[in-house]
J.: 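My questions all concern the structure below.
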There are 2 protein chains.
Amino acid sequence: MRVWESIAEALRDAIQSGHYPAGAKLPTETELATRFGVNRHTLRRAIAGLREEGLVYSRRGAGVFVQHRPTEYPLGKRVRFNRNLLAAGQTPTRKLLLMETRNADRAERDALQLDHSTPRVHALEGLSLADGEPIALFRSVFPAQRFPALPGHLAKHHSVTEALRASGLNDYVRDSTRLTAKIASPTQASHLQLNAGAPILRAVSVNVDLDGNPVEYGRTWFAGERVSLVVGED
Amino acid sequence: MRVWESIAEALRDAIQSGHYPAGAKLPTETELATRFGVNRHTLRRAIAGLREEGLVYSRRGAGVFVQHRPTEYPLGKRVRFNRNLLAAGQTPTRKLLLMETRNADRAERDALQLDHSTPRVHALEGLSLADGEPIALFRSVFPAQRFPALPGHLAKHHSVTEALRASGLNDYVRDSTRLTAKIASPTQASHLQLNAGAPILRAVSVNVDLDGNPVEYGRTWFAGERVSLVVGED
DNA sequence: CCGTATTTGTTCGTATGTATT
DNA sequence: AAATACATACGAACAAATACG
């Protein structure tokens, strides 16, 4: 077995045993390297393996941290919510609930890969309807520096894709989507016209331009009773 | 821009322009390194990038080759429960609840494209656990005529993939997956050790062999609190 | 079939850049 | 402003798998 693999294994065990709980910072690379008696490169190879597994993440200048998240399950590369809503032939509309420009929070900064010099994001919240029936609540943020005129375009156009195009972004693709089932909060239930305790499907997604730069970080809550997402069959 | 990125870009262009057609062997790492005027490590980093994109693959002792897989073979087509959990650093186990051979119902007939002469299916129900914690209930059916000895193999092996391989199916891919949020039924909640009314994620999927023939029709109910499905980021 | 040269994979060493604390 | 910590790059050597005469 390769040296870096056994080190990765040891670190994985330490994380899973709770020695390094979620969010905890691992010792520095140099520290771990000497502790395991290997070169820093070898240790970094082990870290890279854990990072690929999604078990840890690295922040330059800060450290390596334990990712806090439940079980994850890769499904496929491509999701197209708009096309895959089983409502074939329904007319989609959008109802704007909020639009503002503010500083990004931690999750948004990480997802959009913003540094501290460009903390501003345009935030957009709204309701998606099909034939007048509410289907989903969404909350999207866009890097403000890259799309300074986006709020105006979002107000004018009725689709995010069009507004982004008007801001100079011709094409973008979905990088990743995380899905989980939740219970609707009272506010969400009211917006989606659901009963209290109704199941909803939460999707957290990142869209990137063709160079891989994040352009949108979005969270969407689908009414579980009304929506079925399809993965594959592109 | 990082050096290795620009090299990856140059190589990507060369591949996409047809300079290195599908299946072709790239020059050796040392050769390319001197050609680009960088260290072999730097060039290897570029190759690693292309490999992550699925554009090339490496064979030790042989070389680096151009992958032939334009659009028809998008990544993420392979969904393997055990492998996914292992990659996440969790120990997968399976608890069998039921195994029987019976006639297919309407949905199963349609999904597996069975005609009335071959109505029999092997049905498999069970519980999937990660590190001992139940994360999903599954119900799978397989065409009995194609895999006559499958029940024995399912009992012996601890993974569906292995059992199918023992039945002569070397490889299969996911054709489509449909996702919805639901509320757990009392039975489901009890199996998954969830409270009544807990949200679950229902996935309905079809796996096909490399010729496109359906080999498995499965329904899975994930514990919403414990599982997050990931689309993309293979 | 064997031995050898080739080619990728792994490891150690060292230096410098850059973001965070 | 300084120290810390991860990121990138160059150099060297050996191991492991493959290809070839």
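Proteins get letters first, then strands, A, B, ... in listed order; numbering begins at 1 in each.
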J.: Grab the CZ-P distance between B:Phe65 and D:dT18 for me, whole Å please.
T.: 11 Å
J.: In whole Å, what is the span from the NE2 atom of B:His41 to the P atom of D:dA9?
T.: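 Taking atom P of D:dA9 as the reference, NE2 of B:His41 is at 12 Å.
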J.: How long is the span from the CG atom in A:Leu201 to the CH2 atom in A:Trp221, to the nearest 0.5 Å?
T.: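 A:Leu201 atom CG to A:Trp221 atom CH2 measures 12.0 Å (nearest 0.5 Å).
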J.: Would you say the side chains of B:Arg51 and B:Ser58 form a donor-acceptor pair under 3.5 Å?
T.: yes
J.: Considering only C:dT14, C:dG9, D:dA19, which nucleotide approaches the side chain of B:Arg40 most closely?
T.: C:dG9
J.: Counting side-chain heavy atoms from C-beta on, which of D:dA16, D:dG11, D:dT18 comes nearest to B:Asn39?
T.: D:dG11
J.: For B:Arg60 and D:dC14, give me the distance from atom CZ to atom P, rounded to whole Å.
T.: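 Checked: the CZ to P distance equals 17 Å.
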J.: What is the distance from CD1 of B:Ile7 to P of D:dC10, rounded to the nearest Å?
T.: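 In whole Å, D:dC10 P lies 8 Å from B:Ile7 CD1.
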J.: Starting from C1' on D:dA19, measure out to CZ on B:Arg59 and report it in whole angstrom.
T.: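 Distance, rounded to whole Å: 9 Å.
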J.: With DNA chain C as reference, determine whether A:Trp4 or A:Asp115 sits nearer its 5' end, using the nearest nucleotide of each.
T.: A:Trp4
J.: Between D:dA19, D:dT8, C:dC12, which nucleotide gets closest to the side-chain atoms of B:Arg2?
T.: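 Nearest to the side-chain atoms of B:Arg2, counting from C-beta on, is D:dT8.
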J.: Contact class for B:Arg45 (heavy atom, under 4.0 Å): base, sugar-phosphate, or nothing?
T.: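 Since no nucleic acid heavy atom lies under 4.0 Å of B:Arg45, the category is nothing.
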J.: Figure out the CG/C1' separation between A:Leu50 and D:dC6, and round it to whole Å.
T.: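 Those two atoms, CG and C1', are 16 Å apart.
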J.: If I take atom CD in residue B:Glu31 and atom P in nucleotide C:dT7, what distance separates them, rounded to the nearest angstrom?
T.: 10 Å
J.: Looking at A:Glu108 and A:Arg219, is there a salt bridge between them, counting it only when a charged N and a carboxylate O are closer than 4.0 Å?
T.: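 Yes.
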J.: C:dT20, C:dT11, C:dC12: which one has an atom nearest the side-chain heavy atoms of A:Ala62?
T.: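 Of C:dT20, C:dT11, C:dC12, C:dT20 is nearest to the side chain of A:Ala62.
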J.: Among the nucleotides C:dT10, D:dA9, C:dT20, which one has an atom lying closest to any side-chain atom of B:Arg44?
T.: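 The nucleotide sitting nearest to the side chain is C:dT10.
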J.: For D:dT8, give the paired nucleotide (Watson-Crick: N1-N3 plus N6-O4 or O6-N4; G-U: N1-O2 and O6-N3; both under 3.5 Å), or none.
T.: C:dA15
J.: What nucleotide, of D:dA9, D:dA5, C:dG9, holds the atom closest to the side chain of B:Arg51?
T.: C:dG9
J.: So does B:Thr30 get a side-chain nitrogen or oxygen closer than 4.0 Å to the phosphate oxygens (OP1/OP2) of C:dT7?
T.: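 Indeed not, no polar side-chain atom of B:Thr30 lies that close.
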J.: Within the side chain of B:Thr28, is there an N or O that forms a donor-acceptor pair under 3.5 Å with the backbone of B:Glu31?
T.: yes
J.: So, for A:Phe147 and A:Phe142, is the gap between ring centers shorter than 6.0 Å?
T.: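 No, the ring of A:Phe147 stays outside the 6.0 Å limit from the ring of A:Phe142, centre to centre.
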J.: Find the distance B:Glu29:CD to D:dG11:P and express it as a whole number of Å.
T.: 16 Å
